Structure formats: C-alpha cells, structure tokens
> 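Below is a structure I'd like to ask you about.
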Amino acid sequence: MINESEFIIRLQDPKSKEAAFRELLQLYKERLYWHIRKIVISHDDADDVLQNTFIKVFRSIDKFKGDSKLFSWMYRIATNESITHINKNAKRLQISNEEHQTNAINNLTADVYFEGDAIQLKLQQAIATLPQKQQLVFNMKYFEDIKYKDMAEVLDTSEGALKASYHIAVKKIEAFLTSD
Amino acid sequence: MKKDKLHNIKSAGFTTPKNYFESFDDKLFERLNKKESIEGLESTGYEIPQSYFDSVEGNVFKRLNIEEKPVISLLSRKTFYYVAGIAASLVLLISIFTNTEVSEELSVEIVETYLEERNLDSYELAQLLADVDLLEEDFTISNTPYDEDNLESYLLDNANLETIIEY
C-alpha cells in the first residue's frame, strides 16, 4: 500500500502530477467505473461520468486537504457526478429521475454490455425500485463490499443510518425477487 | 439452493467493451489536454470600442436623470406587509360578522342525524362516554305512571309484533 500523504503531495506537485495521476488512474479507474456503472446503468453513460470524475479529480486535487481518505473523496465525486448525469439526462428528456432509471433498466436486455441472466436482470429491476440513497448503499455494500465507515464518509451519512438503509434495501429486494 | 435468493447472485451482470480500461487513460489525457489548451486561452477574441468602459458610467447616469421618476416596486416588502395586514383584517371582519349571522343552535335533530350518519357503534359510543361520570340525576325520570292501558297503547304503537314473537 502506498503512503497516501506522500502520494497526495506528488499529485499536487506540478512536476510529478501527471505521473502520479497515471498511477491514480491505475489504482482506481476500475473500482470507480463499476461504482458509476451501477448507478447510471449504461456503459456509455458510465464512460462519460468516469471521465468527468477524473477530470474533476485532476483539477481539484490541489484543493484536496486530506481531511478524508483520497479514496472516499474520489468516490464522493464519482457519486455526485453520476447523480448529476442522471438528473441532466432526465431533464433533457423531460421525465422524472425514476422514469429515467426504469427506462435504463428496460433497455438492459438489448444492451450488448449486459450479460446478466434473467435473475440478474430482475435484481437490477429490484434495485431500480429503491430510493436513490438505498440504491447507493445497497450497491456499495453488496457488490463493492465497502465498509460502513468508508461509506459514511462518501455519502456523508452516519453508519447507523447506512446500516438501516441497507437492511431495508435487502428486505425490499428479497421481496421483489421472490414475487412474480 | 434456490436461484432467486439474493445471496446467490454474485455479480451484477454488467460488462465493458474490450480493452476499455486499457485505452481509458489515453482517452482521458487527450481530453484533459484539449480542455487544458482551451482553458489556457487568455482572451476570448471579442474587442470593444476604445475607452468604452469610461463612457459606461456617464451613459448610465444620463439615462437615470431623464428617467428620474421614483419607481416604487409593487412587490416591496413594506407594501406587502400593508396589503397583507389589510387583507387579514378584512378576512377577520367578514368571518366574525358572517359567523354571528349564520350561527345556528344545535338542535336535537342535528345531533341525532349526526350520530346516525356517523354510524357509530355502541363500542365507539361507550368509548366517548368512558370519561364521563354518569349520575342518576342526569337521567330524566318520567313521571308517567305505567298502567296497563298506556303500556298497551305504547306497545301497539311502537313495537313490532313479529320481533316480539321471535323472542
């Protein structure tokens, strides 16, 4: 594991910035991609948001004070960028965010970058029925196995509230999966 | 093992195009550099007439002098309070006067129909009465002596023969 504070210094120093940034990309691009992908659903949207996220990270790394972990900070940017992206798309199409997400899920069967079987599709449909916060908590805990402590930093919510959200989300999803 | 149990679903099923992650860095840097070069531009290319900004102030004041009529915004806070105050007192006045005129006494019929239409069952009624101490004096005791005659006529008028037979 690299020393984070040294790494941040290298990221902020104009001389070493690009090299350090390439390292940062190697370390986090896949994890952030999967995090974003589960929020925005389609690969093209995820690609857009991932690029925007890293551009924002590159631009604002100088202002990063280190009061949270680099990883939580980037996750927070990625989460906000994803939600902004959905809002923007929904507004452009003049539909609600929920409708937009339902449409995205309905398009999954035709998506070449979705290889899930019927039950995986149903899981995505189940997740889409949850409120946004619960979706985030569920994805982060279930698929990404992020600790509640880190999640609390990313989502700016207490651990207790996150645990409750996750519990409710799982209950709702299980009910959805067993229903027909 | 049931397939549709949540804990049996290990992945979301999403995939990416081939070599997506390998080519991502270059694509990103290309975009970063392009943006950087745009941001590096010092001027937008727009030009203004010479000493334009010096004349702005004078022009604005010139127009202010011509159009020097005090403009009172209808939406100012002070007027809003006045209007709201007047409106509130009007509403108050109207409601006081109309209420006194229309005031209606609660008649037995009103209470009766109210109770009938509410469909209160005896249980609910009992709940309403639970907090009230019932005293003997509260019940009016009729002074009519019951003798055979008026009992008979009462039953003839009020009782349904069939219900009595059923018992």
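Nothing here was measured: the structure is a model prediction, and the numbers come from that model. Every chain is numbered from 1, with letters handed out A, B, ... down the list of sequences.
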> Specify which of A:Ile41, A:Val112, A:Asp47 makes the most heavy-atom pairs with chain B at under 4.5 Å.
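Among A:Ile41, A:Val112, A:Asp47, the one with the most close pairs to chain B is A:Asp47.
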> Taking side chain as everything from C-beta outward and backbone as N, CA, C, O, which of these in A:Gln124 sits under 4.5 Å from a heavy atom of chain B? Side chain, backbone, both or neither.
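Interface part for A:Gln124: side chain.
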> Enumerate by number any residue of residues 140-147 of chain A whose heavy atoms lie under 4.5 Å from heavy atoms of chain B; in the absence of such residues, state 'none'.
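Counting heavy atoms that sit under 4.5 Å from chain B, the residues of residues 140-147 of chain A involved are A:Tyr142, A:Phe143.
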> Could A:Arg22 and B:Phe29 be counted as a cation-pi pair, given that NZ or CZ must be under 6.0 Å from the ring centre and within 45° of the axis?
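Yes; both conditions hold, so A:Arg22 lies above the ring face of B:Phe29.
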> Do A:His85 and A:Asp48 have a side chain donor and acceptor closer than 3.5 Å?
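The criterion, which ignores hydrogens and geometry beyond distance, is not satisfied for A:Asp48 and A:His85.
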> Mind listing the side-chain donor-acceptor pairs of residues 62-74 of chain A below 3.5 Å, one per line with the distance, residues two or more places apart or on another chain?
from    : atom 1 : to       : atom 2 : distance (Å)
A:Lys69 : NZ     : A:Asp150 : OD1    : 3.0
A:Ser72 : OG     : A:Glu153 : OE1    : 2.6

> Show, in sequence, the C-alpha distance, side-chain angles and deciding distance for A:Arg59 and B:Leu32, and conclude whether the side-chain contact (heavy atoms from CB on, under 4.5 Å) test is met.
CA-CA 9 Å; A:Arg59 293 273 152 73; B:Leu32 266 175; 3.9 Å; yes
> Just checking, A:Lys17 and A:Phe58: is the charged tip under 6.0 Å from the six-membered ring centre and within 45° of the axis?
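The answer is yes, since A:Lys17 meets both limits relative to A:Phe58.
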> So for A:Leu50, is it side chain, backbone, both, or neither that comes closer than 4.5 Å to the heavy atoms of chain B?
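A:Leu50 touches chain B through backbone and side-chain heavy atoms alike.
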> B:Phe24 and A:Tyr33: aromatic ring centres closer than 6.0 Å?
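That pair fails the under 6.0 Å test.
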> Under 4.5 Å between side-chain heavy atoms, counting indirect links through other Ile/Leu/Val/Met/Phe/Trp/Tyr residues: same cluster for A:Ile77 and A:Ile61 or not?
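The answer is yes; both residues are in one hydrophobic cluster.
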